[in-house]
Protein chains: 2
Amino acid sequence: MENGKILRSFGLKVTAPRIKILKLLESPVKAHLTAEDIFKELLKTGDDISLATIYRALSQFEEAGLVIKHNFDGINAVYELNSEEHHDHMVCLKTGEIIEFYNEDIEKKQQEIAEKHGYEVINHSLILYVRPKK
Amino acid sequence: MENGKILRSFGLKVTAPRIKILKLLESPVKAHLTAEDIFKELLKTGDDISLATIYRALSQFEEAGLVIKHNFDGINAVYELNSEEHHDHMVCLKTGEIIEFYNEDIEKKQQEIAEKHGYEVINHSLILYVRPKK
DNA sequence: ATGCCTGCAAAGCTTTTGCAGATGC
DNA sequence: GCATCTGCAAAAGCTTTGCAGGCAT
């Protein structure tokens, strides 16, 4: 039960609902899920966990640093596992698909800009809303 | 009545509530306002316009391209006038202050990245969550 | 005159919370 | 055994909407 260890290592209590939620987030099929997505997905497999529990679990996961919450325009908040390497997102306006990317130069520029204004970057959100090019 | 012309030029009907809302958005004191901010601000000057109207006006302004809506983390949606020159935002986590900036290199990189993936950028959102450096 | 606007109140949606019982450690 | 978690249902918070009357053109 690998997921149990993960939860524990983030200081989270190990419970059945949490393990199931974490498992879903790990599944490579869809990396960015809304609370509702998770709720429905779990229903499919017969695990019916209340939405309240899902929201609570996700909040705690986020606080613990296990997941990251994104507020993309128009869509509900989505959650993804907090992978080691930071990345940003493209949201396809046609399909809703979410693509990850990372660009060193942009990251650096951001730091520079903040510093120039006397700030340090604690966090940032870069989202490209895109459309397939034909 | 300059503002009347502006509304008209964006294809919007000219009404008292809209003019007042637009005036507030133009005021340089606070460029980024929530619907609630506007509501309260108008109350102060004795103009009590219903929240529903403010939301409706802002939606229409946005649709018409007069204003831009931002969804910053934690805060409610904020609206600002759509100035000619695009810019991005820094949100100070300590004071809530919002600072605008623009960086050519970042803009370019974004296009490149999207293109590399077969997309074109329709819109983007870059927000730096920052803290004053001591 | 007509169609778009406004206010009000009610509804909608996502997310949060109080409470009582269940579960993990 | 005790603290924390869970489900349920209710509430909260922001935003939208239906309706009836009012205003701009």
Side-chain angles (χ1 to χ4, degrees), chain A residues 1 3-24 32-43 45-64 66-79 96, chain B residues 1-24 32-43 46-64 66-79 96:
Chain A
M1 192 189 277
N3 281 340
K5 280 186 199 155
I6 294 178
L7 289 171
R8 218 168 275 127
S9 77
F10 277 84
L12 296 161
K13 215 168 214 180
V14 179
T15 67
R18 292 178 183 189
I19 289 179
K20 287 171 190 159
I21 293 169
L22 177 52
K23 196 181 287 173
L24 257 189
H32 304 82
L33 298 159
T34 64
E36 187 94 23
D37 285 342
I38 294 174
F39 179 68
K40 285 186 184 151
E41 210 55 46
L42 289 174
L43 267 189
T45 55
D47 304 301
D48 82 18
I49 293 171
S50 83
L51 254 180
T53 297
I54 294 171
Y55 275 109
R56 273 186 286 229
L58 290 172
S59 296
Q60 288 159 334
F61 287 9
E62 189 194 8
E63 210 172 337
L66 216 193
V67 309
I68 296 182
K69 178 183 182 179
H70 296 288
N71 296 295
F72 297 149
D73 280 14
I75 334 175
N76 297 357
V78 299
Y79 296 82
Chain B
M1 191 192 277
E2 190 50 43
N3 281 339
K5 280 186 198 153
I6 295 178
L7 289 171
R8 217 168 278 129
S9 77
F10 277 85
L12 297 161
K13 214 168 217 181
V14 180
T15 67
R18 291 180 183 188
I19 289 179
K20 287 172 189 161
I21 293 169
L22 177 52
K23 196 181 286 174
L24 257 187
H32 303 82
L33 298 160
T34 64
E36 187 94 23
D37 285 342
I38 294 174
F39 179 68
K40 286 185 185 153
E41 210 55 47
L42 289 174
L43 267 189
D47 305 300
D48 83 16
I49 294 171
S50 82
L51 254 180
T53 297
I54 294 172
Y55 274 111
R56 272 186 286 226
L58 289 172
S59 296
Q60 288 160 333
F61 287 9
E62 189 195 7
E63 210 172 336
L66 217 194
V67 308
I68 297 181
K69 178 183 182 181
H70 296 287
N71 295 295
F72 297 149
D73 281 12
I75 334 175
N76 298 356
V78 298
Y79 296 81

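Computed from a predicted model, the values in this text were never measured in an experiment. Atom set for the values below is all heavy atoms of this structure, side chains included, hydrogens, waters and symmetry mates excluded.
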Give the table of side-chain donor-acceptor pairs shorter than 3.5 Å for residues 7-19 of chain A, with sequence neighbours excluded, one pair per line with atom names and distance.
from	atom 1	to	atom 2	distance (Å)
A:Ser9	OG	A:Ile6	O	2.7
A:Thr15	OG1	A:Arg18	N	3.4
A:Arg18	NH1	A:Lys13	O	3.1
A:Arg18	NH2	A:Gln60	OE1	2.9

Pick out the pairs of N or O atoms, protein on one side and nucleotides 12-15 of chain D on the other, that lie under 3.5 Å.
from	atom 1	to	atom 2	distance (Å)
D:dC14	OP1	B:Asn76	ND2	3.4
D:dT15	OP2	B:Tyr55	OH	2.3
D:dT15	O5'	B:Tyr55	OH	3.3

Test side-chain contact (heavy atoms from CB on, under 4.5 Å) applied to A:Leu43 - qualifying residues, sequence neighbours left out: A:Phe39, A:Asp48
Whole-Å gap separating P (C:dG7) and CG (B:Leu42): 10 Å
Rounded to whole angstroms, how far apart are CG on B:Leu58 and P on C:dC5? 14 Å
From C:dA9, C:dC5, D:dT6, nucleotide with atom closest to B:Ala52 side chain: C:dA9
Hits for side-chain hydrogen bond (donor to acceptor under 3.5 Å, both in side chains) against B:Ser59, two or more places apart or cross-chain, chain-then-number order -> none
Validation: residues 66-77 of chain B side-chain donor-acceptor distances under 3.5 Å, sequence neighbours left out:
from	atom 1	to	atom 2	distance (Å)
B:His70	NE2	B:Glu80	OE2	2.7
B:Asn71	ND2	A:Asp73	OD1	3.0
B:Asp73	OD1	A:Asn71	ND2	3.0

Give, for atom CG of A:Asp47 and atom CD1 of A:Ile49, the distance between the pair rounded to the nearest 0.5 Å. 5.5 Å
What's the CD1-C1' distance between A:Ile38 and C:dT15, to the nearest Å? 14 Å
Please pick, from D:dG7, D:dT16, C:dT17, the nucleotide with the shortest atom-to-atom distance to any side-chain atom of B:Ser59. D:dT16
Roughly how far, to the nearest 0.5 Å, is the NE2 atom of A:His32 from the CG atom of A:Asp37? 12.0 Å
Tell me whether the side-chain N/O atoms of B:Thr53 come closer than 4.0 Å to OP1 or OP2 in C:dT6. no
I need the CD1-C1' distance between B:Ile54 and C:dT6, as an integer number of Å. 12 Å
Minimal non-hydrogen separation, A:Ala35 against A:Ile54, with atom names: O-CG2, 3.9 Å
In Å and rounded to the nearest 0.5 Å, what is the CD1 to OH distance from A:Ile38 to A:Tyr55? 9.5 Å
B:Lys5 NZ - D:dA24 P separation (whole Å): 18 Å
For A:Leu42 versus A:Lys20, what's the shortest heavy-atom pair and its separation? CD2-CB, 4.0 Å
Which distance, rounded to the nearest 0.5 Å, do you find between the CG of B:Leu51 and the CZ of B:Arg56? 11.0 Å
Could you tell me the separation between the CG atom of A:Leu22 and the CG atom of A:Asn3, rounded to the nearest 0.5 Å? 4.0 Å
Rounded to the nearest Å, what distance is computed from the CG atom of residue B:Leu7 to the P atom of nucleotide D:dC23? 18 Å
To the nearest 0.5 Å, what is the distance between CG on B:Leu24 and NZ on B:Lys40? 13.5 Å
With 3.5 Å as the limit, what N/O pairs link the protein to nucleotides 22-25 of chain C?
from	atom 1	to	atom 2	distance (Å)
C:dG24	O3'	A:Val14	O	3.2

For the pair made of CG in B:Asp48 and P in C:dT6, what is the distance, rounded to whole Å? 14 Å
Please report, rounded to the nearest Å, how far the P atom of C:dT15 is from the CD1 atom of A:Ile75. 12 Å
Which part of the nucleic acid does B:Arg56 contact within heavy-atom distance under 4.0 Å: base, sugar-phosphate only, or nothing? base
Estimate the overall bend of the helix from C:dA1-D:dT25 to C:dC25-D:dG1 from the end axes over five pairs each, rounded to 10 degrees. 40°
